[in-house]
There are 2 protein chains.
Amino acid sequence: MENQNISDIIESYLKQILAESQQVEIRRAEIASQFNVVPSQINYVIKTRFTIQDGYVVQSKRGGGGYIRIEKVKLLDNLDFIDSLVAAVGDQISRHDSLSVVRSLFEAGAINRSEANIILAAINKDAINTGDRQVDEQIRAQILISILNHLRYES
Amino acid sequence: MENQNISDIIESYLKQILAESQQVEIRRAEIASQFNVVPSQINYVIKTRFTIQDGYVVQSKRGGGGYIRIEKVKLLDNLDFIDSLVAAVGDQISRHDSLSVVRSLFEAGAINRSEANIILAAINKDAINTGDRQVDEQIRAQILISILNHLRYES
DNA sequence: ATAATATTAGTCAACATTAGTCAAGAACAC
DNA sequence: GTGTTCTTGACTAATGTTGACTAATATTAT
């Protein structure tokens with residue numbers, strides 16, 4: 001309690017609002033000024049304390065009228081399962097192995113058949129083909145992880 | 001909630017009319033004056049928020065009695081709907097424009113909400129981020145086209 | 001008819017206003 | 001001392017706003 005750094009204090013401030021509201025929308029510069037820190041510190045706080053694993057989804061817009069919006073989402077009860085698939089995907093994944101991941105999701109009931117087919121269309125050879133096999137495997141991994149993270153919560 | 005920019009406000013105004021009417025016809029200078037902006041801002045709003053990917057067709061006429069007419073088009077009436085989206089995607093596509101494509105698919109009934117969200121997860125910034133923007137836009141285009149082709153034969 | 005003028009909308013580039021990234025250094029925990 | 005976390009700011013990117021200039025069309029004068 002005593003030795004809270006400024007990031008912790010900003011985190012508490014935002015979570016206090018989120019305790020009463022489903023979401024909070026801020027202007028980055030305004031909050032930074034309010035707590036007397038540089039604007040990019042707000043990004044740091046969000047990146048380290050409002051992740052999808054914590055149950056938050058963050059959206060933002062630049063330019064005039066820009067904002068950062070943090071939304072509290074309802075996490076599903078398949079988190080351990082998703083974690084294990086994220087670990088299995090890793091930094092890169094072959095096409096063959098990625099099929100297993102999609103099949104696991106389908107068999108677990110996390111996605112239905114047509115959702116599975118869309119994911120397969122997104123990661124097949126037509127979709128990802130840079131000419132460098134390793135790059136392709138990295139991109140495929142990132143896409144799968146992004147989708148897996150999406151499947152963590154109710155939307 | 002708080003600080004909407006004027007472009008968003010003008011967009012809302014026009015879409016409110018379009019919610020009750022198939023089309024809206026305006027005089028550029030009149031709307032600009034009504035919202036206290038320069039006339040060219042109306043062009044900006046239309047160019048960024050009423051594209052064909054969004055499901056709108058815009059016609060205009062200059063000179064005396066000139067107008068800008070925005071018409072909401074029913075995409076499903078067009079049998080070449082998927083073809084037109086494939087053409088709109090092209091060799092590369094920005095994240096912003098790709099959102100419009102997915103929204104069009106949803107509004108046309110080609111995909112449901114959870115399918116749309118999966119596609120968005122597959123093409124967002126976390127998923128596709130090689131460090132080279134042009135490469136990212138090319139990959140995003142290939143993924144979208146792969147999905148569009150899948151949807152073509154699915155339905 | 002034709003030319004001149006008036007009345008609209010379109011384009012484009014400069015500038016303004018936001019947020020994001022990244023890497024260096026400081027502070028902290030062990 | 002070493003490794004992690006926090007803090008900072010320079011640089012980048014996305015989006016919005018403005019106005020000078022251009023283009024198209026209609027109206028009026030000859």
Side-chain angles (χ1 to χ4, degrees), chain A residues 1-14 24-51 54 57-71, chain B residues 1-14 24-51 54 57-70 92-100 123-137 140:
Chain A
M1 279 307 173
E2 298 103 54
N3 247 342
Q4 276 198 129
N5 59 47
I6 190 67
S7 289
D8 287 340
I9 293 171
I10 296 169
E11 174 191 5
S12 301
Y13 170 77
L14 294 172
V24 55
E25 188 173 305
I26 62 170
R27 292 169 152 282
R28 187 180 74 154
E30 197 175 86
I31 298 296
S33 156
Q34 186 174 325
F35 289 95
N36 213 36
V37 296
V38 295
S40 61
Q41 179 132 15
I42 308 304
N43 297 87
Y44 175 75
V45 171
I46 286 172
K47 193 170 182 180
T48 54
R49 291 151 163 89
F50 293 88
T51 69
D54 299 317
V57 169
V58 179
Q59 298 166 296
S60 65
K61 198 169 98 168
R62 306 184 196 186
Y67 58 81
I68 300 176
R69 184 185 313 148
I70 305 173
E71 187 186 357
Chain B
M1 205 184 292
E2 312 93 37
N3 257 320
Q4 263 198 319
N5 61 54
I6 191 68
S7 290
D8 286 342
I9 293 170
I10 295 169
E11 174 191 5
S12 299
Y13 170 77
L14 294 172
V24 56
E25 188 172 305
I26 61 172
R27 293 206 292 116
R28 187 179 75 153
E30 194 176 90
I31 298 296
S33 157
Q34 185 175 327
F35 288 96
N36 212 36
V37 298
V38 296
S40 61
Q41 178 134 15
I42 308 304
N43 297 86
Y44 175 75
V45 171
I46 287 171
K47 192 172 182 180
T48 53
R49 291 152 164 88
F50 293 89
T51 69
D54 295 314
V57 168
V58 179
Q59 297 164 299
S60 65
K61 200 172 87 168
R62 306 186 196 186
Y67 58 82
I68 300 176
R69 185 187 311 146
I70 305 172
Q92 57 191 88
I93 186 169
S94 71
R95 229 178 94 263
H96 178 270
D97 287 349
S98 66
L99 297 188
S100 294
I123 61 176
N124 75 14
K125 188 165 45 97
D126 294 330
I128 303 176
N129 186 9
T130 63
D132 180 327
R133 185 194 328 201
Q134 189 169 9
V135 169
D136 288 352
E137 296 201 347
R140 190 180 295 111

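Within every chain, numbering begins at 1; the chains are lettered A, B, ... in the order of the sequence lines, protein sequences first and strands thereafter. This structure is a prediction, so every number in the text was calculated from the model and none was measured.
- Bounding nucleotides for the chain A contact on DNA chain D, 5' to 3', at a heavy-atom distance below 4.0 Å, are D:dT5 to D:dG16.
- Straight-line distance from the NZ atom of A:K47 to the C1' atom of C:dG20: 9 Å, rounded to whole Å.
- As rounded to whole Å, 14 Å separates atom P of C:dG20 from atom CG of B:N124.
- For B:R95, the salt bridge (Lys or Arg N to Asp or Glu O under 4.0 Å) test picks out no residue, with sequence neighbours left out.
- In terms of position along DNA chain D, the nucleotide closest to A:T48 lies nearer the 5' end than the nucleotide closest to the other residue of the pair A:V38 and A:T48.
- Counting only heavy atoms from C-beta outward, the side chains of B:Q34 and B:Y13 approach each other to under 4.5 Å.
- Few gaps surround CG on B:D132; more than 12 heavy atoms of other groups in view lie less than 6.0 Å from it.
- Checked against C:dA19, C:dC12, C:dT8, the side chain of A:R62 finds its nearest nucleotide in C:dA19.
- Contact check for B:I68 versus B:I31: no side-chain heavy atoms found under the 4.5 Å cut-off.
- The salt bridge (charged side-chain N to carboxylate O under 4.0 Å, His left out) pairs that include a residue from residues 39-51 of chain B are B:D8-B:R49, B:E11-B:R49, where partners are two or more places apart or lie in different chains.
- The main-chain N or O of B:I93 is found under 3.5 Å from a side-chain atom of B:R140 such that the two form a donor-acceptor pair.
- Nearest-nucleotide assignment on DNA chain C puts the 5′-proximal partner with B:E30, out of A:N43 and B:E30.
- A:S40 comes within 4.0 angstrom of a base, heavy atoms only.
- Protein atom CG of A:N5 is 13 Å distant from nucleotide atom C1' of C:dA29, rounded to whole Å.
- For the pair B:V37/B:I42, a side-chain contact is recorded, criterion being any heavy-atom separation below 4.5 Å from C-beta on.
- A straight line from CD of A:Q41 to C1' of C:dA27 spans 12 Å, rounded to a whole angstrom.
- Residue contacts for B:K125: at a heavy-atom cut-off of 4.0 Å it reaches the sugar-phosphate backbone alone, with no base atom in range.
- The separation between A:Y44 atom OH and C:dA24 atom C1' is 15 Å, rounded to whole Å.
- For A:T48, the side chain to side chain contact (heavy atoms under 4.5 Å, CB included) partners at least two apart in sequence or on another chain are A:Y44.
- A straight line from CD1 of B:I42 to P of C:dA9 spans 10 Å, rounded to a whole angstrom.
- Between B:R27 and C:dA9 there is no side-chain N or O to OP1 or OP2 distance below 4.0 Å.
- In terms of the side-chain hydrogen bond (donor to acceptor under 3.5 Å, both in side chains) criterion, A:S60 has no residue partners (sequence neighbours excluded).
- Taking every heavy atom of residues 63-70 of chain B and every atom of DNA chain D, pairs under 4.0 Å involve B:G63, B:G64, by number.
- Rounded to an integer number of Å, the gap from CD of B:Q4 to C1' of C:dT18 is 15 Å.
- As judged by a 4.0 angstrom heavy-atom cut-off over every strand, A:I6 is placed among residues touching the sugar-phosphate backbone only.
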